Amino acid sequence: MGKNIVAIIGRPNVGKSTLLNRIIGERDAIVDPKSGVTRDRHYGTAEWNGKKFTVIDTGGYVPDSDDIFESAIREQAQIAIDEADVIIFLVDALSGVTPIDIEIAKILRQTRKKVILAVNKIDNEKLEILSSQFYELGLGDPFPISAMHGRKVGDFLDEVVKDFVESNEQEENKNQIKIAVVGQPNVGKSSFVNAVIGENRIIVTDIPGTTRDSIDTAFKYNDSEFILIDTAGLRKKSKIKESIEFYSAIRALKAIERCDVAVVMLDATCGLERQDLRIIGEAAELKKGIIIAVNKWDLVEKNSNTALEYEHALRERLKVFDYVPIIFISAKTKQRIFKVLDLAKIVYDERNKRIKTSELNKVLFPIVKETPPPAVSGKEIKIKYVTQVKTSPPVFAFFANFPDDIPEHYKRFLERKIRQHFGFIGVPLTIVFKKK
Ligand code: GDP
Ligand code: GDP
């Protein structure tokens, strides 16, 4: 079962990105702002009334050129209908009903999926009157909000999440290693999947309870059970690059949410691009295991240092994601494709790993004693105790006298120390401070 996906669609400048940021809030500043991942985000995770969901803003997928821009918006409305669970159609109270709004509404009226018409920029009560003009769109009651000031956004979110089930973290069938192969179009994802399942080294098995629209593949390899989560390409081919990107992004999100380990595939001839960093950031935010597979390695002219140099250059750009393993493969020649599965198994096991409290304290206590968090306004901060409160994903709780005053950089310091001593390759770690 996939998690809930909410798509925001609407014309440029109606406030989609403001609304996205309002919904996801500032709470997940886990990603280093310097890495460039948190800037110009087009999706993020949120929780409201105990229900978790992922929001995606189509505004990130608007083509530059005027002549395809309207057809792109239409296409993306259709993709949102096919792929999202709830569609927020955002309009601008100040500009009134525009011809594109009418067109989008026409597309949205054809779906059974939940569509919420939100009228933005209703910054105060006086402006409420502007919202009634949107009844004309035939999408039911317009929801007046102000994304910028947060006005009525709470009531609005109540409506968005109304039919979502409360998320229970673990999916059943814990022994299967669920892998999502994600990446930009044409990097070789389906070639990789086909190369793996076409080999007789693996035994493809049936998946009980397979859902209607997914075509996951289950198989056994080296005594482990794997599931490759389907991220099939756009069925109806689109000519618009941005629509293909939007579709890929939304499929990737859905797959990442369901997986244990995300294999982020790159094309060796293109290197690491901004979109790739976004995908990695999303997997890290969702606390999934992460592997980078550099595909089409057969196309790269090599000498004995090439892989090392390539990896070095990649790591420069990966910055905070320095714990992610990198593997060079070729789906075409099948070079190292099974190593990807071996590596996925390792990352999966690491993500399930539990370090004994006694062992953790034996290693970390001398470290926090030697290098304590900086004192805040004269208060000495003391960490007394650490324990791993959870696995898959791993969460470590440090107990301290003033837990709220410990700075972010100290968290990263502790994370580095945990990794130095206990590994957790490919696994995003969560560190929390609690009052003792
Ligand atoms: P997008 O292109 O749909 O993503 O729109 P943006 O989020 O970039 O917002 C477009 C403009 O509308 C920006 O100047 C925002 O500051 C402004 N804006 C967004 N939400 C509101 C709102 O609730 N009230 C007002 N008055 N302006 C808003
Ligand atoms: P997807 O969109 O990520 O699923 O990419 P595809 O699997 O459809 O591959 C896109 C193109 O790259 C196709 O023409 C493939 O034949 C080619 N391709 C995929 N993997 C490799 C590889 O390892 N080496 C080379 N040379 N070409 C590859």
Side-chain angles (χ1 to χ4, degrees), residues 5-21 36 39-43 55-84 86-111 113 115-121 130 133-134 136-139 142 147-148 182-187 189-190 231-254 267 269-271 273-279:
I5 303 267
V6 176
I8 308 175
I9 63 176
R11 290 183 296 115
N13 287 317
V14 294
K16 294 184 298 299
S17 111
T18 310
L19 181 62
L20 176 90
N21 284 312
R39 267 178 274 141
D40 74 309
R41 289 226 292 194
H42 306 317
Y43 44 76
V55 201
I56 181 161
D57 162 21
T58 53
Y61 304 93
V62 178
D64 269 339
S65 90
D66 283 345
D67 50 326
I68 56 168
F69 136 97
E70 290 194 19
S71 47
I73 290 182
R74 273 196 300 270
E75 249 180 32
Q76 292 175 17
Q78 191 58 53
I79 295 170
I81 288 176
D82 293 342
E83 298 296 328
V86 168
I87 297 125
I88 298 173
F89 177 26
L90 196 64
V91 293
D92 184 335
L94 307 177
S95 56
V97 179
T98 69
I100 316 178
D101 291 338
I102 293 171
E103 274 215 55
I104 299 174
K106 203 158 105 195
I107 297 167
L108 296 180
R109 281 199 305 270
Q110 288 157 16
T111 180
K113 291 241 172 103
V115 175
I116 304 175
L117 171 63
V119 181
N120 193 30
K121 309 194 184 177
L130 293 175
Q133 57 187 322
F134 293 95
E136 160 186 354
L137 296 176
L139 290 167
M148 195 150 81
V182 290
Q184 297 190 60
N186 290 318
V187 295
K189 298 180 296 296
S190 42
T231 45
L234 194 52
R235 273 173 256 282
K236 212 173 70 202
K237 278 286 172 202
S238 167
K239 288 196 190 70
I240 303 171
K241 182 173 116 272
E242 288 81 0
S243 295
I244 300 171
E245 277 171 9
F246 172 57
Y247 180 84
S248 314
I250 199 165
R251 291 299 292 226
L253 274 177
K254 288 168 75 168
D267 181 331
T269 62
C270 305
E273 294 175 350
R274 263 223 336 253
Q275 288 96 310
D276 303 314
L277 274 172
R278 258 194 234 140
I279 296 174

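The basis for the numbers below is simple: all heavy atoms, side chains too, and nothing from hydrogens, waters or symmetry mates. It should be emphasised that the depicted structure is a prediction, and the values quoted were computed from it without experimental measurement.
- Remark: Leu117 CG to Ile88 CD1 distance equals 11.0 Å, nearest 0.5 Å.
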Side chain to side chain contact (heavy atoms under 4.5 Å, CB included) between Tyr247 and Glu75, intermediate numbers included:
CA-CA 10 Å; Tyr247 180 84; Glu75 249 180 32; over 6 Å; no
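- Scanning both residues, Pro63 and Phe69, for their nearest heavy atoms gives CG-CA, 4.0 Å.
- With hydrogens and angles ignored, the 3.5 Å screen pairs no side-chain donor or acceptor of Arg251 with any backbone N or O of Glu83.
- Listed for the Lys254 side chain is no donor-acceptor partner under 3.5 Å among the backbone atoms of Ile5.
- Looking only at distances, a side-chain donor or acceptor of Lys189 sits under 3.5 Å from a matching main-chain atom of Gln184.
- Here Asp82 contributes atom CG and Ile87 contributes atom CD1; the two are 9.0 Å apart, rounded to the nearest 0.5 Å.
- Side-chain atoms of Asn21 never come within 3.5 Å of backbone atoms of Thr18 as a donor-acceptor pair (strictly under, hydrogens ignored).
- Two residues are said to be in side-chain contact when any heavy atoms from C-beta on lie closer than 4.5 Å; Phe246 and Ile56 meet this criterion.
- With contacts defined as side-chain heavy-atom distances shorter than 4.5 Å, the pair Asn13/Asp92 does not qualify.
- Remark: side-chain polar atoms of Lys16 are not paired, donor with acceptor, to backbone N or O of Ile9 under 3.5 angstrom.
- One distance of note links CG of Leu90 with CZ of Arg11; it measures 9.5 Å at 0.5 Å rounding.
- Contact between Ala7 and Ala80 at its shortest, heavy atoms only, is CB-CB, 3.9 Å.
- The nearest pair of heavy atoms linking Ala77 to Ile104 is CB-CG2, 4.3 Å.
- A donor-acceptor pair under 3.5 Å is formed between the side chain of Asp101 and the backbone N or O of Thr98.
- Side-chain atoms of Gln78 and Ile107, non-hydrogen and from C-beta on, do get closer than 4.5 Å to each other.
- Proximity of a side-chain donor or acceptor of Gln76 to a complementary backbone N or O of Tyr61 within less than 3.5 Å is detected.
- The shortest side-chain heavy-atom distance between Ile116 and Val86 falls under the 4.5 Å cut-off.
- When side chains are defined from C-beta on, Lys121 does not count as touching Met148, because their heavy atoms never get closer than 4.5 Å.
- In this structure a side-chain-to-backbone donor-acceptor pair under 3.5 Å is missing from Thr111 to Leu108.
- Scanning all heavy atoms of the two residues, the minimum distance from Ile279 to Gly183 falls at CD1-CA, 3.9 Å.
- Taking OG from Ser238 and CD1 from Ile79, the interatomic distance works out to 6.5 Å, rounded to the nearest 0.5 Å.
- To the nearest 0.5 Å, atoms CD (Glu242) and OG (Ser65) are separated by 7.5 Å.
- Side-chain contact check for His42 versus Leu20: every heavy-atom pair is 4.5 Å or farther apart.
- Looking at Val14 and Asn120, their side chains never come closer than 4.5 Å, going by heavy atoms from C-beta outward.
- When side chains are defined from C-beta on, Ile73 counts as touching Pro12, because their heavy atoms get closer than 4.5 Å.
- Summarising the geometry, atom CZ belonging to Phe89 is positioned 10.0 Å from atom OG1 belonging to Thr58; distances are rounded to the nearest 0.5 Å.
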